[in-house]
Each structure stands twice: as C-alpha cells, then as structure tokens.
Amino acid sequence: MKSIGKYFIFLGVTFTNHGSFSTYYKLFIDECVQIGLSSIVIVSIVSAFIGAVTTIQTAYNLVSPLIPRYVIAQVVRDMTILELAPSITAIVFAGKVGSNIASELGTMRITEQIDALEVMGINSASYLVLPKILATFVMYPLLVILAAFLSIFGGYWAGIVSGVISPADYIYGIKFELIEFTVTFAMIKSFVFAFLISSISSYKGYFTSGGALEVGKASTSAVTNSVIAVLCADYLLAQLFLN
Amino acid sequence: MIRIENISKSFGNKVILNNISGVFRRGITNMIIGASGTGKSVLIKCMVGLVEPDEGYVYYGDRDFTHADRAGRIEIRREIGMLFQGGALFDSKNVEENVKFPLDQLTDMPEDEKLDRVNFVLERVDLTGVNKKMPAELSGGMKKRVGIARAIVNSSKYLFCDEPNSGLDPVTSIRIDNLIKEITEEYNITTIVVSHDMNSVMEIGEYVMFMYEGRKIWEGSKENIMEAVEEELNDFIFANKMMQIVREKSSL
Ligand SMILES: Nc1ncnc2c1ncn2[C@@H]1O[C@H](COP(=O)(O)OP(=O)(O)OP(=O)(O)O)[C@@H](O)[C@H]1O
Ligand SMILES: [Mg+2]
C-alpha cells in the first residue's frame, strides 16, 4: 500500500517541474530509437511463431467438416489482434525494455548519478523518466501493430506449409467480418500497457538502494510487477469494454 | 560562507548525526574529517539537501536552505558544485559531455562558448585530449578530476568534495588536494572537503572539523591539530605508523 502511494507521488513529480522542451525532445528521440531497436527483433520472432502455432492448433481443434476452413484464419486474426499481440508483446517488452529501464536507473541511483542531477538543481525523476514513458507510449503501439501483422503472416505461412488451409481461404478468413472495435481495443490496451510497463520499471529502478545485487533485484521485480499489472489491466479492460 | 546549526539525523533508531554546528568560511579549504562510518557523507548530503536533517538549519550566506521551498533550493543548488565519493560521472556520456552538462542544463550559453569553458576547466584540472573518452575508460584519478571539472564548470560558489583522493596514490592525492586549494583561492569560493586522510589535512586543512560517531569533537586548523588533547582525535591522527614516528622523533 505504502509503495503504491510512493508510486503515485513519483509519477506526480515526474510529470511536473520539467525542464525545457528542446532538452526533452532530444532525450525522447534517443529513447524511442533505443526502445525500438532493443525490442524489435525479439517481438518479431515471438509474434511470428505465435501466429504459426495458433493456426496449426486451431486447425487441429476444428475437426468438424461442417465448419469452413477460412474460420481458422478468422480465429487467428481475432485472437491475435484482441489478445495475443498486445499481451504477448507486453510480456516480451517487459522482459526486454522494462528490465533495461530498471537496471539503467538503478545503476544511476547506486552510483550517485541521480544525486548528482539533483544537486545541480535538476528534477531527476522527470529528466530521466519522462522521456522513457513518452517514448514507450509512442513505440509500444507501433510494436503491437507490427506484432499483429507478423503474427497473421506467421499463421499464413504455417497454414500453407502444413497444408491445413489454402492461401485463398486464409485471406478470405482474414477479411471476413472484421469488427473495427477489436483494433481500437487493441490500441487502447497498448497505451495502457505501455504506461504500466514504463512507469513501474522506472519506479523500481529509481528507488533502488544498495549495490549491484539490488540493481539485479530491481530489474527482476520490474519485470514481474509489470507483467502482473499488465495481466490485471488486461482483465479489467476486457470487463470494461467487451461486456 | 556556509553555516550549519544543530544538525541532527537518525536512520531508524540509529543516531548518525548528533547536534552538529559549524561555520565554513569562504576562500579557504574547510575539511570534515573522521573515521569511516562516522557520518561525514551524511552530513554533507544534509547540507545540499540530498538527505533531510531531522533537526537543524543550513545557511548559505544568509539564505536559509533547510526551509527554502523548491524554487529557493534550486536557486541555491545552481551555485553548488559537488564531487561525489564515487565520481558519479554520467556513464552514457563522454568526458566533454559530462563536463558540459551543467552548462547545457542551467545556462543559455552558445555552444562554442560552452566548449571553450569546458576546455578551460579540463585544462585547469590537468586533463587535455581526453574529451571524447568515456568514463569507463578513465583511471580513478582521472575520474575524480573530471568530477572536479564538472563541479566547477558553472562557476560554482560552493564546492563540496567527498573524499577527493580516496583510492589514489600519494602523489596524485597531493596534486588533487592542491588543485582544490588553488581553485578555492583563485575563485574565492567556499569549499568543503570530506576526508579521512591525515596527509590531506596537513596539506590543505585551513579549517578542520573532526567528527567521531556522529558528534563534532574538535575544530581548528592544521597548525594546531597536533596540540589537540582529545583522545579520539589523537587516536585518529596517530593511527598511522608514519605519524607515530613523526611524534616520537619530535618528542626526543
Ligand atoms: N540512507 C541511509 N540509510 C540508512 N543508513 C545510512 C544511510 N546512509 C548512511 N547510513 C549510515 O550512516 C552512517 C554514516 O555513513 P556515512 O556514509 O556518512 O559515513 P562516512 O563518514 O562518509 O564514511 P566513509 O569515510 O567510509 O565514507 C553509516 O553507519 C551508514 O550505514
Ligand atoms: Mg563517505
């Protein structure tokens, strides 16, 4: 409970008292590049495979000859957009970017770099954390879109290679009765997850105390706490929007 | 001038600082000395507001820092330069960017003027031609000197140095000590050096505050420290074999 209060105070400090726009713009761009580069490969690999696996498993479960084959593609599409792309990306992203953020800030804390910023009269929380949160806000939805595309493509590839579905059926299924709200909902989720992962990881890193061992612990707990928060938010958002 | 009045601080129920007062004058090197763990670092962190004292006041000139609001504190902090015990260089930035950082953040200087200033202070601390090196590529003594350069680049009026020469060889130590003393006199600033090295004290200690288990036991200067009668201080001074020999020789 106490740490939740501290988390909100931390966010308050982060979003107030910040410095000039030009400083932040440069930091923001740097963070975008770093976040994008560090996660794009792993997100791509994971999502392509998830799409492939989903296709084959769905085909395996649809044994009835009454159900047309294109339904496989439809299932893959909806599962990917609604759940797999935002959530699996979140877990991968927390493991990669969240732990990076926590260990970077943790190291800065224990080597007194954060203190050095404070003594210069700079709001260290906002200087260090705000660009990270904003950059995640921009990059994460892009990664989710990429993940959704690659996942559907992975499904296509696996379906063709294994022969469970023909290309024509797959493409027909992908386009069949697409509800636009699923895409909107995926984007809403992306923004929420992006905020949770970046702010929780920053919080864990920023308040590290001790030595190198604690930096390791902070980075692990950044990942576990972000993942738990993301899963809770996932459930709550589903309750809120899909009822 | 920096004045502290009745500073006390506890962590949990462990008393770290117990009612410490003192005046650190301008233009001389003030030293805070004492054994490891007596609270020297905590005391200077209280002075710059990285740690909030439980009781007491810190004044910069006649400005009350302890009760200043955020804006008031930032105004005072912009006049402070600090060398941290571990250097605290930003390890994602190279030497030049580290030293330039306070200018980037706190002034509107044009870029070429900033670079001139950076090169000037780097030269002042005897570091030339390392502008593009990363902190990880520097030796311990070089890191300290970059730290000093960063602390003075923005023409600070107050300079805090936490153990500027710990972990350095005796020759480099003396060079850094003298560098701090020269800078203090040249720019007429208020300097506070934390140390547990008697060599430094005898080299540059114009005002010396001796701390023992969170209390101020003695204050004076390098000229009269040898005559001090306090047992804790004598144990500290003469813990060193060299100093013991000096004492024996001089009492013959
Ligand atoms: N944030 C903190 N929380 C709890 N205890 C602390 C904290 N910071 C310092 N202490 C304790 O305060 C005491 C004094 O520490 P301090 O760092 O001031 O010692 P020091 O005199 O600077 O020693 P050294 O010469 O080794 O640097 C130590 O016992 C330390 O454990
Ligand atoms: Mg110390």
Asker: Kindly give the heavy-atom pair with the smallest separation between B/Phe84 and A/Ala116, and that separation in Å.
Answerer: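 Residues B/Phe84 and A/Ala116, closest heavy atoms: CE1-CA, 3.4 Å.
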Asker: Which bit of B/Leu89 comes within less than 4.5 Å of chain A, counting heavy atoms only: side chain, backbone, both or neither?
Answerer: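 Backbone of B/Leu89 only, per the 4.5 Å heavy-atom cut-off to chain A.
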Asker: Would you indicate whether B/Tyr187, at its atom OH, is surrounded by more than 12 heavy atoms from other residues, nucleotides or ligands within a distance under 6.0 Å?
Answerer: yes
Asker: Assess whether atom CZ of B/Arg25 is packed by more than 12 heavy atoms of other residues, nucleotides or ligands within 6.0 Å.
Answerer: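 At most 12 heavy atoms, drawn from other residues, nucleotides or ligands, come within 6.0 Å of this atom.
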Asker: Looking only at non-hydrogen atoms, find the nearest pair between A/Glu112 and B/Lys45 and report the distance.
Answerer: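 Scanning both residues completely, I find the closest heavy atoms to be OE2-NZ, 3.1 Å.
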Asker: Do other residues, nucleotides or ligands put more than 12 heavy atoms under 6.0 Å from the CD atom of B/Glu55?
Answerer: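 No.
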Asker: Working to the nearest 0.5 Å, report the span between CG of A/Leu117 and CD of B/Gln105.
Answerer: 8.0 Å
Asker: Walk me through it: do B/Val48 and A/Glu118 pass the test side-chain contact (heavy atoms from CB on, under 4.5 Å)?
Answerer: CA-CA 9 Å; B/Val48 298; A/Glu118 285 290 323; over 6 Å; no
Asker: Which atoms of B/Asp104 are under 4.5 Å from chain A, going by heavy atoms: the side chain, the backbone, both sets, or neither?
Answerer: neither
Asker: Is it the side chain or the backbone of B/Arg150 that comes within 4.5 Å of chain A heavy atoms, both, or neither?
Answerer: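 It is the side chain, since no backbone atom gets that close.
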Asker: I'd like to know whether CZ of A/Phe149 has more than 12 heavy-atom contacts from other residues, nucleotides or ligands below 6.0 angstrom.
Answerer: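 It does not: A/Phe149 CZ has 12 such atoms or fewer within range.
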Asker: Are there over 12 heavy-atom neighbours, none belonging to B/Arg124, within less than 6.0 Å of that residue's CZ?
Answerer: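 Yes - once you tally the heavy atoms of other residues, nucleotides and ligands closer than 6.0 Å, there are more than 12.
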Asker: Return the minimal non-hydrogen interatomic distance between B/Ala88 and A/Gln113, and the atom names on each side.
Answerer: O-CG, 3.9 Å
Asker: I'd like to know whether CZ of A/Phe207 has more than 12 heavy-atom contacts from other residues, nucleotides or ligands below 6.0 angstrom.
Answerer: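 Above 12, so yes.
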Asker: Tell me if the centroids of the rings in A/Tyr127 and B/Phe101 come within less than 6.0 Å of each other.
Answerer: yes
Asker: If you count the non-hydrogen atoms of other residues, nucleotides and ligands that lie under 6.0 Å from CD in A/Glu180, is the total more than 12?
Answerer: no
